[in-house]
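Since the structure comes first, as structure tokens, the remarks are kept for the end.
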There are 2 protein chains.
Amino acid sequence: MALKIRKNRSPEPPPGCPLTECMSVIGGAWTPNVIWSLRAGPRRFSELRLDIPPVSPKVLTMRLRGLEEKGVVNRKVRPTSPPSVEYSLTALGEELVPAIEAIVAVGHKIKQR
Amino acid sequence: MALKIRKNRSPEPPPGCPLTECMSVIGGAWTPNVIWSLRAGPRRFSELRLDIPPVSPKVLTMRLRGLEEKGVVNRKVRPTSPPSVEYSLTALGEELVPAIEAIVAVGHKIKQR
DNA sequence: CTGAATCCCCTGCGATACTG
DNA sequence: CAGTATCGCAGGGGATTCAG
């Protein structure tokens with residue numbers, strides 16, 4: 001009965017390719033903005049929301065969690081009375097700042113047309 | 001009547017932001033691979049397909065068209081008997097090679113973990 | 001050979017409301 | 001403050017087929 005087995009379905013380029021590997025890190029919506037914002041120093045959750053107004057808390061959380069588990073950002077919970085959580089770039093996270101900078105630089109060039 | 005006008009529906013960060021601007025260029029699936037492939041020199045349609053096997057012709061065309069209209073690649077039709085089209089990076093296109101390189105470099109770092 | 005046209009599924013993301 | 005839960009839609013991208 002025409003049982004199509006499930007065509008490969010590889011929505012993304014082969015994992016293992018460094019290019020793809022990194023794109024999966026910065027590819028999500030708002031991700032570059034988050035990193036860009038963190039680049040200047042540690043930021044709390046709500047501060048990030050202020051830095052990037054249109055992002056919803058859900059997505060911000062998703063990005064932060066994703067980045068955390070990829071070792072790009074640190075999540076430090078401060079046991080204060082009003083809970084506060086501080087996010088910062090790890091060493092690895094710092095590594096991709098230049099990449100983002102390169103992207104921003106090209107962005108300028110593109111805008112100029 | 002609580003008519004919330006807003007609802008902006010801005011699936012993407014504000015256009016005008018250079019970061020976003022560039023991400024919209026290299027953000028599509030396979031786009032970085034295409035640029036990466038073109039980096040070494042001009043390539044024809046089918047050559048690109050060989051370079052990036054899993055990409056479908058439809059998507060490849062979409063990417064190429066998108067990149068063309070953003071002034072990143074040149075499309076040169078050769079009026080040969082079997083039609084052949086050559087794609088190459090424009091000056092602007094060359095500009096974003098470093099960005100991709102930076103991304104690839106980070107990709108390596110990430111893989112090493 | 002280089003695409004254009006179709007179909008269709010899947011995920012990502014937005015919005016909103018609720019909790020510790 | 002810092003998230004979590006739920007819902008829903010739109011669009012991106014895969015497969016396949018047709019055309020100049």
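Remember, it's a predicted structure, so these values are computed and weren't measured experimentally. Just so it is clear: chains get the letters A, B, ... in the order the sequence lines come, proteins before strands, and each one is counted from 1.
- Neither OP1 nor OP2 of dC1(C) sits under 4.0 Å from any side-chain N or O of R78(B).
- Between F45(B) atom CZ and dT2(C) atom P there is a gap of 7 Å when expressed in whole angstrom units.
- Contact check, R44(B) against dC1(C): no side-chain N or O comes under 4.0 Å of OP1 or OP2.
- Listed candidates were dC13(C), dT4(D), dG3(C). Nearest to the side chain of A29(A) is dC13(C).
- Between R63(B) and dG12(D) there is no side-chain N or O to OP1 or OP2 distance below 4.0 Å.
- Along DNA chain D, the nucleotide nearest to P83(A) and the one nearest to T61(A) differ in position, and the one closer to the 5' end is contacted by P83(A).
- What separates CG of L64(B) from C1' of dC1(C) is a distance of 14 Å, to the nearest Å.
- By the 4.5 Å heavy-atom criterion applied to side chains, M23(B) and L19(B) are counted as neighbours.
- Mapping G28(A) and E47(B) onto DNA chain C by nearest heavy atom places E47(B) closer to the 5' end of the strand.
- Rounded to whole angstrom, the span from the CD atom of E68(A) across to the C1' atom of dA2(D) amounts to 14 Å.
- The main-chain N or O of P18(B) is never found under 3.5 Å from a side-chain atom of E21(B) such that the two would form a donor-acceptor pair.
- Side-chain atoms of K58(B) stay outside donor-acceptor range of the base of dG3(C), with no qualifying N/O pair under 3.5 Å.
- Contact annotation: Y87(A) reaches the phosphate of dG3(D) (side-chain N/O to OP1 or OP2, under 4.0 Å).
- Straight-line distance from the CG atom of N33(B) to the P atom of dG13(D): 12 Å, rounded to whole Å.
- Taking atom CZ of R43(A) as the reference point, atom P of dC1(D) lies 15 Å away to the nearest angstrom.
- Regarding contacts with the backbone of dG12(D), every side-chain N or O of W30(B) stays at 4.0 angstrom or more from both OP1 and OP2.
- The residue among M62(A) and P57(B) whose nearest nucleotide of DNA chain C lies closer to the 5′ end is P57(B).
- Remark: P of dA5(C) and CZ of R65(B) are 11 Å apart, rounded to the nearest angstrom.
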>> Under the criterion salt bridge (Lys or Arg N to Asp or Glu O under 4.0 Å), I'd like the reasoning laid out for E86(B) against R43(B): C-alpha separation, chi angles, the key distance, then a yes or no.
In response: CA-CA 6 Å; E86(B) 200 178 73; R43(B) 279 261 190 284; over 6 Å; no
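- Checking the phosphate oxygens (OP1, OP2) of dC1(D), no side-chain nitrogen or oxygen of R49(A) falls inside 4.0 Å.
- Residue S46(B) has a polar side-chain atom (N or O) positioned under 4.0 Å from OP1 or OP2 of dT2(C).
- Phosphate proximity of dG3(C) to R75(B): present, with a side-chain N or O under 4.0 Å from OP1 or OP2.
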